[in-house]
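To start, the structure itself, in structure tokens.
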Amino acid sequence: MYKKPTIKDVQALMTFLEVSERTARRYLSNPACMPAPERKLWDYHCNGRIVPDGWPGIRFHGDRLVTDTDYVLHYGQVQQFAWHINCLELLLKDLRQLSARVRELEQSRGALPRRDLEKLQKLEQVQEELREGLPGISQPAPVRHRSQGC
């Protein structure tokens, strides 16, 4: 049994598929009566496979994201970018905390504790690895399919 469609669902479907309210309610109450192309388009929209209008020039081509300058991104590259950004954010957070701790110790004119020195050395090592391009991460292998003409 399908859930009763809400006003928000009906309005969204009406706007996206450009159908009447009655048709939208019918489609939402019984998806089997929705024509296959519309159902597939709606599923793509709901699952984020259609690029929003706020991203001008960006489009999907098969399983790749193509920018307005025809630069092609594979999902693995997007995941790598996200991973790099996450690492940099964590590194910056640790560096801020460490800097605050160093300033605090400098104000008290005490010697730097051993654990802070070790943490500083670890952070410097990570920073050096980031400069070298993270050798442990490799580029994804190109995917070649006959359907893409490769």
Side-chain angles (χ1 to χ4, degrees), residues 1-19 24 27-28 31 34-150:
M1 190 69 178
Y2 296 103
K3 67 176 186 157
K4 184 177 180 181
T6 64
I7 297 294
K8 187 177 180 182
D9 295 335
V10 172
Q11 291 294 328
L13 188 62
M14 284 174 53
T15 304
F16 188 73
L17 292 181
E18 297 179 356
V19 295
Y27 285 174
L28 288 171
M34 188 185 295
E38 282 87 350
R39 185 172 47 246
K40 188 172 183 178
L41 185 62
W42 182 245
D43 286 342
Y44 277 164
H45 176 68
C46 292
N47 293 322
R49 289 288 298 173
I50 296 177
V51 181
D53 292 336
W55 290 32
I58 307 289
R59 65 190 183 283
F60 279 104
H61 181 72
D63 66 343
R64 299 176 187 270
L65 192 63
V66 182
T67 67
D68 55 349
T69 59
D70 290 334
Y71 185 76
V72 179
L73 292 169
H74 188 266
Y75 75 92
Q77 291 170 311
V78 175
Q79 288 177 332
Q80 285 180 356
F81 291 146
W83 186 84
H84 287 291
I85 290 169
N86 188 31
C87 286
L88 289 173
E89 287 175 354
L90 291 173
L91 179 64
L92 289 174
K93 178 183 173 189
D94 284 348
L95 285 174
R96 271 186 249 125
Q97 290 173 351
L98 189 60
S99 296
R101 179 73 175 137
V102 167
R103 279 194 304 272
E104 177 185 318
L105 290 172
E106 284 175 348
Q107 289 175 357
S108 67
R109 296 184 190 216
L112 199 60
R114 180 183 176 102
R115 64 188 168 110
D116 285 338
L117 283 174
E118 290 172 358
K119 190 171 183 180
L120 181 61
Q121 290 170 350
K122 286 179 186 177
L123 287 174
E124 287 172 348
Q125 181 182 4
V126 169
Q127 187 177 16
E128 191 61 35
E129 288 175 4
L130 286 173
R131 278 195 202 116
E132 293 173 7
L134 295 165
I137 300 294
S138 61
Q139 291 290 338
V143 180
R144 301 191 186 278
H145 297 286
R146 287 185 182 167
S147 63
Q148 293 177 342
C150 298

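Heavy-atom basis, side chains included; hydrogens, waters and symmetry copies ignored.
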Rounded to the nearest 0.5 Å, what's the gap from CH2 on Trp42 to CG on Leu13? Could you check?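 Trp42 atom CH2 to Leu13 atom CG measures 5.0 Å (nearest 0.5 Å).
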Rounded at 0.5 Å granularity, tell me how far CD in Gln79 sits from CH2 in Trp83.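 The CH2 atom of Trp83 is 13.0 Å from CD of Gln79, to the nearest 0.5 Å.
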Not counting sequence neighbours, which residues clear side-chain contact (heavy atoms from CB on, under 4.5 Å) with Thr69? List them please.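 So Thr69 forms a side-chain contact (heavy atoms from CB on, under 4.5 Å) with Thr67, Tyr71.
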With sequence neighbours left out, what residues match Val66 under side-chain contact (heavy atoms from CB on, under 4.5 Å)?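 Listed in chain order: Arg59, His61, Asp70, Val72.
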Between [X] and [Y], what is the shortest heavy-atom contact and its length?
| X | Y | value |
| --- | --- | --- |
| Leu17 | Leu41 | CD2-CD2, 4.0 Å |
| Met14 | Ala24 | CG-CB, 3.6 Å |
| Gln77 | Leu73 | OE1-CA, 3.3 Å |
| Arg39 | Met34 | NH1-O, 2.8 Å |

Do the side chains of Asp94 and Gln97 get nearer than 4.5 Å, heavy atoms only?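 Gln97 vs Asp94: side chains touch.
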Would you be so kind as to tabulate the donor-acceptor pairs closer than 3.5 Å made by side chains of residues 85-93, with sequence neighbours excluded?
none

